Amino acid sequence: MDSFGEKFGVGQPVRRKEDQRLLKGGGKYTDDVNVPGQAHLAFVRAGVAHARIKGIDASAALEAPGVLAVYSGKDLETDGVGTVMTDAALKNLAGEIMFRTHRLALPTDKVRYAGEPVAVVVAETAYQARDAAEMVLVDYDELPPIVTAAQALAKDAAAIHDEQPDNICLHWENSTSDAYDAAAKTAHKIVSIKLINNRVIPVPMEPKCCLADMDTKSGRMTVYAPFQGGRRVQGALSEMLFGGDGTKVRHVSDNTGGGFGTRSKIYPEIIAIAYAAKKLGRAVKWSGDRSETMVSDLHGRDQVNEAEIALDPNGKILGYKIINYVNIGAWVTENGARLPVDGGGRIVGGVYDIPVLYYSCKAVMTNTVPTDTYRGAGRPEANYLIDRLVEKAAHVMGIDSRELRRRNYITKFPYKTQMGLTIDIGDFPKCQDEACKAIGWDGFGARRKESEKRGKLRGIGLTSFIEGAGGRPEETMRLRFEKDGTLSVICGTFSHGQGHATVYSQILHDKLGIPFDDVNLIQGDTDTAPEGAAGTFGSRSSQMGGMAIIRAADIIIDKGKKIAGHLLQAPPTEVEFTEGQFKARAGSVSVTEIAKAAHDPAKLPEGMPPGLDETYLYKRASRDDMNFPNGCHACEVEVDPDTGGITIVDFAAADDCGVVLNPLIVHGQVHGGVAQGIGQALTEYLVYDEETGQLLTGTFMDYGMPRAEHFPDMKAVFVPTPSTNNELGVKGAGEAGCCGAPTALVHAVLDALRPLGVAEIDMPLTPNRVWHTIQSARVKGAA
Amino acid sequence: MYAFNYHRPKSTDEAAKLVAEAEDGKLIAGGMTLLPSMKLRLAAPSDIVDLAAVEGLRGITVSGKTVTIGAMTRHVDVQTSAEVKKAIPALAALAGGIGDPSVRNRGTIGGSVANADPAADYPAAVLGLNATVETTKRKIAADDFFTGLFETALEPGEIIKAIHFPVPDAAAYEKFPQPASGFAMVGAFVARFGKDVRVAITGAKDHVFRVPDMEKALAAKFSGDAIAEIKLPDDDMMSDIHCSADYRAHLVTVMAKRAAAKAAG
């Protein structure tokens with residue numbers, strides 16, 4: 001073992017133990033799994049965005065070579081397959097509950113977005129299935145497609161769901177606007193803004209894929225699919241296909257190539273595949289390709305914000321008013337409508353002291369892929385809006401934006417927000433100082449002059465942001481001592497890039513003195529995951545999983561002291577546990593020896609049950625008992641006014657993720673999150689054709705992913721204020737980058753373009769948009 | 001992808017015959033356009049005739065003032081060729097800017113030129129350098145080769161064997177990439193041969209074209225400034241979600257100016 005904790009303990013930049021295997025192609029992803037005798041499935045997807053289904057003719061497909069079956073929604077209905085409905089039950093001010101859809105995996109009445117699965121074809125080979133899928137004829141009665149919230153709210157708009165003719169799923173308000181209106185009356189200045197928070201496609205590296213293996217003898221199904229927490233798959237499929245008997249469904253995912261929230265939802269594809277496997281009594285596999293994944297994975301973001309802040313003469317915010325239109329797509333998914341008001345979006349005031357809030361949010365249905373959680377999940381949208389307003393206010397009032405932020409930062413903790421959250425701790429001015437220092441804010445003027453000489457416009461911008469992290473308030477972890485002396489962490493949290501094998505090992509190395517390499521991670525299988533293990537989403541695994549490990553280890557230490565006392569002939573109160581050793585009087589015994597002894601009744605105190613393994617269900621006080629990662633990001637850009645091209649020349653992130661368990665991994669999280677945020681702001685231009693409802697950017701030829709070439713060497717520093725809501729002091733880290741990067745980039749670009757008279761711009765900042773914005777400003781300037 | 005017949009002939013004659021006899025035959029060189037189209041089921045040829053085993057279609061030779069590049073020569077070979085870098089550095093640089101390493105390791109000059117994608121890079125070099133396209137039937141001047149959107153002067157069964165590039169006194173290529181695909185939204189190839197200058201633009205219209213006004217201005221004064229004010233009408237420029245017609249027309253001037261400035265050194 002290393003000198004204790006110095007190399008492998010909490011806080012050390014330990015290299016990820018999972019990387020060797022993953023980088024050498026040792027990962028086992030869903031498409032790598034094949035079982036003998038498996039059949040293959042292909043989806044018949046809607047070629048139109050909005051239409052009534054008049055009929056489905058599968059006769060030609062059924063005659064095609066190798067075809068085993070064709071199923072449509074009618075078959076699912078006949079066999080009593082259940083529907084998916086969100087458990088969100090938000091209410092409007094009058095107390096009426098939101099509109100909720102009951103989604104059958106394959107629709108029987110209408111198609112509601114281009115690409116929606118309508119039928120499945122199962123055949124002996126994947127190509128046979130795909131060929132036959134093209135022979136299935138769906139007779140449509142087309143309806144006008146609706147792709148934007150504005151179109152959906154138009155007076156004569158067609159209804160997406162007949163039961164909800166106005167297309168509004170939810171009109172949520174935190175209160176009436178009276179208090180805000182009163183505050184606004186006393187204001188020195190009102191600053192307003194209208195922004196589009198652009199829709200994005202999540203694009204995990206691993207396309208969507210599923211294998212449902214039906215064991216007809218036991219009547220049990222094993223479902224392989226990339227997923228962030230298998231209990232959800234197990235729960236949904238057992239409800240829909242096995243009369244609620246959870247023992248009939250097992251979910252397995254050894255490795256998942258990226259989750260981002262989009263791999264945490266029950267998809268109609270998974271249900272349809274499981275249905276087909278059960279019906280045929282055979283294993284059924286489907287491997288979606290990239291374009292199919294892009295039109296069927298839940299999308300992210302998509303808001304139109306109209307907002308204003310009321311300020312006093314010193315620039316102190318007196319009140320904040322938000323009118324938010326959220327395009328939730330064709331179906332009301334688990335979190336689509338919840339995100340902006342009850343999920344991550346609850347941090348709408350950001351890092352600022354907002355004494356009065358009026359927040360109105362309309363979740364609107366359209367003929368597009370449904371939206372749901374996507375890295376940040378409501379928080380990037382909320383932070384973008386308030387910080388764009390604060391930045392704009394600084395320019396309107398002629399106050400340095402750093403100074404205006406300072407005047408409005410929350411500095412007294414705990415702080416209760418207008419949305420009912422209590423922010424426990426943070427140091428926002430310090431994050432700002434650190435970000436400005438890291439990017440060299442004070443030397444910017446000289447760099448701008450140098451750029452001007454080369455005909456380039458240089459700009460610098462910053463943003464402060466906050467998140468609420470933690471997600472569901474319960475998580476169970478199991479610690480099991482193995483016969484070979486190693487310790488296994490058996491869990492339902494699921495590492496799909498986060499590095500849990502490494503970080504959990506570090507925690508246990510510190511806590512129990514087990515050598516780093518002797519800790520195993522067993523995850524991704526509902527057969528092994530303990531009851532009450534939920535999964536990995538909402539930046540929760542180190543907080544929830546980590547704490548469950550700590551508590552389980554505490555119990556192990558307690559019990560271990562009793563056994564050690566018994567063996568060393570000392571009272572347990574005299575036994576000390578340090579660096580993996582139980583010590584009393586002159587003797588000592590290691591935790592692994594104690595684990596072995598625990599299985600020998602002769603070595604146990606009388607009446608003590610054998611074994612040292614422990615399972616712990618960790619609970620937070622409530623869902624609201626979150627932690628609040630925050631930070632300040634600064635960005636410097638050069639804009640080429642002749643082409644509209646943007647070069648990011650520097651980026652600095654000062655993040656408060658609380659106690660950092662592994663700086664190497666958290667830096668990686670920051671880099672990845674920033675890259676994803678820059679993607680939304682710079683390259684990820686998603687276009688739905690307003691006439692046809694077709695997704696025009698359904699391949700990488702048109703949908704621009706951020707690339708390494710877009711980034712300079714990023715500077716990432718930590719400004720930790722330990723969270724007070726868990727003993728580890730950790731806060732979420734995975735989503736911060738997405739919350740800060742888009743705003744920082746837009747502010748830097750606006751700073752560069754401001755001399756030309758540009759005051760506003762919407763994401764993504766494609767060259768086409770930037771050039772046209774410059775042209776319009778020049779025309780205006782000349783007039 | 002749909003099922004198809006695969007052929008691997010040894011000669012261009014055999015290849016031509018196979019294509020002619022097939023129901024819907026297609027030649028494949030590097031396959032960097034055809035294969036993705038087939039995978040997306042946008043193209044469904046009955047027969048694929050692979051030119052990979054045909055002898056004599058690969059390689060680079062420099063003789064006198066001409067660089068000859070075999071049709072099946074890959075982009076990476078042109079990019080890294082010491083002879084090309086010495087004779088026409090702009091051509092090597094252009095090849096090095098096509099797609100990504102995977103594309104450059106598979107894609108070929110003959111495939112690119114025969115495909116005549118309106119946003120491909122090589123057509124700008126072929127036209128800008130006044131190259132000659134040598135086929136199994138004849139030699140075609142660059143000015144006569146590109147005729148429309150994915151259309152060339154090639155007749156059915158006619159196969160490109162090599163492309164002959166005259167060595168210019170100075171040349172440069174500048175492109176502004178489409179943000180998602182990396183293809184040229186506008187690319188400008190400027191070359192000077194003595195007093196004559198050629199300017200070829202790719203990415204802007206349905207096929208690569210020359211800009212006589214710019215050529216004249218550059219012949220009079222070979223510098224970027226000489227063409228900075230020459231604007232093209234946007235009525236026949238392409239327009240799509242990434243680039244409007246007026247922006248494309250503007251980029252033609254900017255990219256040509258930058259290429260000229262670079263060539264003028």
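In this text the structure is predicted, and so the values were computed from the model without any measurement. Order of the sequence lines fixes the chain letters, A, B, ..., with proteins taken first and strands second; residue numbering starts at 1 for each chain.
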message = Could you check whether A:T766 and B:H242, counting side-chain N and O atoms only, form a donor-acceptor pair closer than 3.5 Å?
response = no
In Å, rounded to the nearest 0.5 Å, how long is the span from [atom1] of [X] to [atom2] of [Y]?
X      : Y      : atom1 : atom2 : answer
B:T253 : A:D642 : OG1   : CG    : 10.0 Å
A:Q775 : B:D246 : CD    : CG    : 8.0 Å
A:Y703 : B:I241 : OH    : CD1   : 11.5 Å

So for [X], is it side chain, backbone, both, or neither that comes closer than 4.5 Å to the heavy atoms of chain B?
X      : result
A:M705 : neither
A:D689 : neither
A:H710 : neither

Looking at [X], I want to see if its [atom1] is surrounded by more than 12 non-hydrogen atoms of other residues, nucleotides or ligands under 6.0 Å.
X      : atom1 : value
B:K231 : NZ    : yes
A:Y127 : OH    : no
B:R106 : CZ    : no
A:E709 : CD    : yes

request  = Under 4.5 Å, heavy atom to heavy atom: which of residues 23-45 of chain B reach chain A? Give them by number, or say none.
outcome  = B:L40, B:R41
task = Could you tell me whether the side chain of B:Q178 and the main chain of A:D702 form a donor-acceptor pair under 3.5 Å?
result = no
query = Are the side chain of A:N768 and the backbone N or O of B:Y247 linked by a donor-acceptor pair below 3.5 Å?
reply = no
ask   = Can you check salt bridge (charged side-chain N to carboxylate O under 4.0 Å, His left out) on A:R707 and B:D100, steps first, answer last?
value = CA-CA 12 Å; A:R707 300 188 174 111; B:D100 53 30; over 6 Å; no
message = In the structure I gave you, are the side-chain heavy atoms of A:F700 and B:S181 within less than 4.5 Å of one another anywhere?
response = no
query = Please walk me through it: do A:T643 and B:H250 pass side chain to side chain contact (heavy atoms under 4.5 Å, CB included)?
reply = CA-CA 8 Å; A:T643 64; B:H250 166 81; over 6 Å; no
request  = Tell me, for B:M1 versus chain A, whether the close heavy atoms (under 4.5 Å) come from the side chain, the backbone, both or neither.
outcome  = both
key: Residues that A:W286 engages under ring pair (Phe, Tyr, Trp, His ring centres under 6.0 Å), provided they are two or more places apart   = A:F43
task = Dump the intermediate steps for side chain to side chain contact (heavy atoms under 4.5 Å, CB included) on A:R130 and B:Y2, then the final yes or no.
result = CA-CA 9 Å; A:R130 203 156 179 175; B:Y2 296 100; over 6 Å; no
